[in-house]
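Just below is one structure, and these are the notes that go with it.
Just so you know, these numbers use all the heavy atoms, side chains as well, and skip hydrogens, waters and symmetry mates. Along the sequence shown, residues are numbered consecutively beginning with 1. Since this is a predicted model, take the numbers as computed values, not measurements.
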Amino acid sequence: MSRATLLIEIGCEEIPARMLPQAARDVVAVVVELLDRAGLSHGEAQPLWTPRRLSVLIPEVENATAARAEQVLGPPASAAFGSDGKPTKAVEGWAKKQGLDLSQVVRVVTDKGDYAGANITRASRSVGEVLAAGFEKGVASISFPKTMRWTKGEFLFVRPVHWLVALCGDELLPLTLFGVAAGRQTRGHRGLSPGPHEVTSADTYLATLQQARVMADPRRRKQALHEALEAAARNEGGALVADEELLDESCDIVEWPGALCGAFEPRFVSDVPAEVLSTCLRHHQKAFSVADSSGRLMPRFAVAINMPCDPERHIRRGHEWVVTGRLADALFFWGEDRKQTLAARAPRLEGIVFHRDLGTFAQKTRRVQRLAGQLASQRSDLLAIDRSAQLSRCDLVTGLVGEFPEIQGIVGGLLARADGEPPEVCEAIAALYLPSGPDDSLPSTVAGRVLGIADRLDTLAGGFGVGLQPTGSKDPFGLRRAGTALIRLALDDVGLDLIPWCRAALLGYDGSDGPDLRDKANDLLPALTAFLFERFETVAGRVVDGVRYDELAAVKGLAQQQFDAADLVARLAAMYRFRASADFLALAAAAKRVRNILDQARERGEAIDGASPDLAVLQAAEERELHGAIGICQQQTAQARDSKRYEDALSAIAALRPAVDRFFDKILVMDPDQEKRRARLSMLAALEAQATSVVDISQIVVEGK
């Protein structure tokens with residue numbers, strides 16, 4: 001079979017930057033699944049995208065499947081053939097559906113019984129035939145936060161599709177998508193080289209787009225944009241203030257990256273707080289801040305443009321006009337907000353609804369203040385935590401937050417500082433919404449972390465209490481985000497068991513400030529902690545390199561007893577380092593066997609109390625050896641666990657392997673003698689307790705088992 005590069009490009013109207021990367025990966029997944037299902041081997045798929053296209057480039061794709069003989073089975077012989085041996089209606093229908101002649105149908109004898117069947121030859125299929133069978137359906141099934149309909153409303157996708165390119169090598173593939181047939185014509189940069197441009201082969205695709213002033217590889221485009229932005233800032237005598245998230249977004253709003261620097265009045269630098277100024281630039285104009293050599297912001301900003309340059313300076317003047325207007329608004333509202341202290345605004349929170357079933361922000365503030373106080377009861381900075389909680393939501397009634405809602409928290413911290421509040425209070429208020437994303441930093445102070453934990457706990461408890469649990473892709477109250485933030489905060493607070501604090505948050509809804517959830521608390525707690533473990537699984541994948549699903553399963557039981565996120569990560573890290581040990585893997589397999597034996601014994605009504613077995617009954621050398629090894633292991637693991645040396649504890653458990661192997665080789669656990677059986681089961685119960693004392697080893701998947 002020959003091989004060639006496969007190209008598919010879906011040309012659309014401009015797709016929002018936030019949707020592009022995932023959309024491109026989803027298209028790749030559709031194509032790769034079709035190839036894999038057909039057994040067509042290929043190289044690593046590369047997703048490509050710009051605002052106007054979603055593309056897949058896959059090298060070394062087999063151009064056709066091999067013809068192969070196979071046996072297909074139909075209905076059981078008892079239903080397929082009558083008493084006279086002739087085919088029944090059932091087998092006739094099956095044969096017709098399979099495209100078979102009845103003369104091809106024979107009786108097939110299998111291990112599971114006799115069936116009607118046939119020996120057929122599957123014809124070779126080209127890569128075009130393979131993709132045509134499922135491409136449109138697969139792409140149409142991709143979900144987006146928002147979609148559009150076009151023509152007569154029959155098509156639904158992120159944006160209307162205007163062209164489709166599908167090539168394997170230089171061969172045009174017979175694909176269609178939303179009424180558009182595949183061709184060789186792509187489109188270039190709207191202003192610099194609109195085209196159409198012919199793609200002669202998949203291997204020339206990137207070069208063709210480059211000539212058409214389109215940089216389709218997002219990695220190259222991001223690097224080129226970053227260099228252009230830095231150069232623009234240098235030309236103004238400054239340095240670009242790093243902002244990776246904004247760089248990613250800016251990269252996905254251009255096809256041919258360029259950059260320029262604009263200016264605004266110096267008074268905005270001196271009169272508007274730096275945090276407000278940079279946030280206004282970032283959120284309202286997708287503009288990067290520029291700083292001088294000392295790190296102080298300059299009256300300059302840098303932006304990405306979809307052109308190599310701006311010779312007439314029309315683009316620059318447009319950006320400067322908008323930026324100046326927004327900064328003037330910020331300066332006005334900052335001045336107005338300074339006329340009243342943050343604390344004086346608290347009564348106005350009574351009129352702002354947090355959620356219709358959960359009360360106002362004033363009620364939420366009081367609940368969080370009480371919960372934060374309980375969390376902080378053993379901490380020295382209790383007063384700072386209490387004051388931070390009291391003032392944490394007061395900036396919701398400021399003009400700045402009303403005009404720029406994305407700087408909630410930041411405004412509160414700035415106003416608190418202007419009011420002369422202690423620095424730790426100001427920092428905690430400013431960090432209330434951290435972390436809001438997976439890569440955000442955490443609050444830098446103890447008061448900020450405690451406030452963040454209390455606030456997320458209150459939101460989650462209330463959300464679960466009034467039935468706002470996420471379902472499928474829907475999460476109207478943002479509980480997944482709150483849960484992820486809580487786990488990240490808990491990871492930074494060693495010894496924090498989330499189970500009692502979830503209960504405390506539920507009981508905090510006592511009817512005085514919001515609904516009364518106390519009667520529901522015990523019923524809601526398991527669902528809430530299970531939800532948080534799902535969030536923990538997501539976060540753990542980022543914290544512990546290469547963590548596996550079976551390793552997460554191995555700590556899940558522990559989380560149901562004591563949900564200390566930092567401790568669970570420490571156990572996962574120890575297991576990750578230790579799982580390459582042959583002894584550990586062998587013991588994992590033995591632990592499964594032990595669990596199965598004990599489960600079956602309990603089902604039969606065997607009394608297994610876990611007490612130390614009667615040594616007088618254990619006469620065989622192998623069972624005495626295992627009994628002694630378990631005793632030593634119990635001492636070693638207890639000491640190691642107490643000092644959080646989980647790798648040492650796992651090492652002690654793995655050392656049981658030789659004794660366990662010899663025991664199972666020579667000893668019959670379910671001995672007819674009741675005393676021997678009971679003693680051996682008790683010993684296995686002690687072994688199981690050790691196998692689950694650090695992590696549940698029986699959950700580990702041993703390759704080949």
>> Please report the interatomic distance OG(S441) to CZ(R488), rounded to the nearest 0.5 Å.
In response: 8.0 Å
> Under 6.0 Å from the six-membered ring centre of F664 and within 45° of its axis: does the NZ or CZ of R593 meet both?
Replying inline: yes
>> So for atom CZ, which belongs to R480, do other residues, nucleotides or ligands contribute more than 12 heavy atoms lying within a distance under 6.0 Å?
In response: yes
> Do the side chain of E129 and the main chain of S126 share a donor and acceptor less than 3.5 angstrom apart?
Replying inline: yes
> When rounded to the nearest 0.5 angstrom, what distance separates CD1 in I10 from CG in L164?
Replying inline: 6.5 Å
>> With salt bridge (Lys or Arg N to Asp or Glu O under 4.0 Å) as the test, pick out the partner of D252 among R221, R18, R53.
In response: R221
> Who pairs with P174 by side-chain contact (heavy atoms from CB on, under 4.5 Å), at least two apart in sequence or on another chain?
Replying inline: none
> Of L572, V555, L552, which is the lone residue that meets side-chain contact (heavy atoms from CB on, under 4.5 Å) with V695?
Replying inline: V555
> Is the side chain of K592 donor-acceptor paired with the backbone N or O of S698 at a distance under 3.5 Å, no angle test?
Replying inline: yes
>> To check you understand the geometry: which heavy-atom pair defines the closest contact between V91 and A116, and what is its length?
In response: CG2-CB, 3.6 Å
>> Under 3.5 Å, is there a donor on one side chain and an acceptor on the other for E551 and Y576?
In response: no
> Looking at L247 and K222, what are the two nearest heavy atoms and their distance?
Replying inline: CD2-CE, 3.6 Å
> Which distance, rounded to the nearest 0.5 Å, do you find between the CG of L7 and the CD of Q46?
Replying inline: 11.0 Å
>> Is it the case that the side chains of T692 and D696 hold a donor-acceptor pair, with the cut-off being a distance below 3.5 Å and no angle test?
In response: no
> Given the rule in the salt bridge (Lys or Arg N to Asp or Glu O under 4.0 Å) test, do R282 and E245 qualify, once you have shown the distances and angles that lead to the verdict?
Replying inline: CA-CA 10 Å; R282 184 183 197 277; E245 185 178 341; 3.6 Å; yes
> Minimum heavy-atom separation for P218 to C251, with atom names?
Replying inline: O-SG, 3.6 Å
>> Checking side-chain polar atoms at under 3.5 Å, does N596 have a donor or acceptor matched by the opposite partner on Q600?
In response: no
> Distance-only, no hydrogens or angles: does the R159 side chain make a donor-acceptor pair with backbone N or O of E14 under 3.5 Å?
Replying inline: yes
> Any donor and acceptor pair, going by atom type alone, linking the side chain of D550 with main-chain N or O of V701 inside 3.5 Å?
Replying inline: yes
> Charged N to carboxylate O under 4.0 angstrom, K96 versus E92?
Replying inline: no
>> By the definition side-chain contact (heavy atoms from CB on, under 4.5 Å), identify the one residue from L532, L468, L498 that meets it with L460.
In response: L532
> So, T88 side chain and A79 main chain: donor-acceptor pair closer than 3.5 Å or not?
Replying inline: yes
>> For V214, is there any backbone N or O sitting under 3.5 Å from a side-chain donor or acceptor partner on E255?
In response: no
>> Any carboxylate oxygen within less than 4.0 angstrom of a Lys/Arg side-chain nitrogen, looking at R52 and E13?
In response: no
> Just wondering, are more than 12 heavy atoms of other shown residues or ligands nearer than 6.0 Å to CG in D545?
Replying inline: no
>> Looking at P257, is its backbone amide N or carbonyl O close enough to the side chain of N306 to form a donor-acceptor pair, meaning the two atoms are under 3.5 Å apart?
In response: no
> Can you list the steps and then say if E647 with R577 is a salt bridge (Lys or Arg N to Asp or Glu O under 4.0 Å)?
Replying inline: CA-CA 8 Å; E647 200 166 348; R577 292 190 295 268; 2.9 Å; yes
> Is the backbone N or O of V130 less than 3.5 Å from a side-chain atom of R125, with the two atoms forming a donor-acceptor pair by type?
Replying inline: no
>> Test: ring pair (Phe, Tyr, Trp, His ring centres under 6.0 Å). Region: residues 169-199. Which pairs qualify, not counting sequence neighbours?
In response: W150-F178, F155-F178, F157-F178
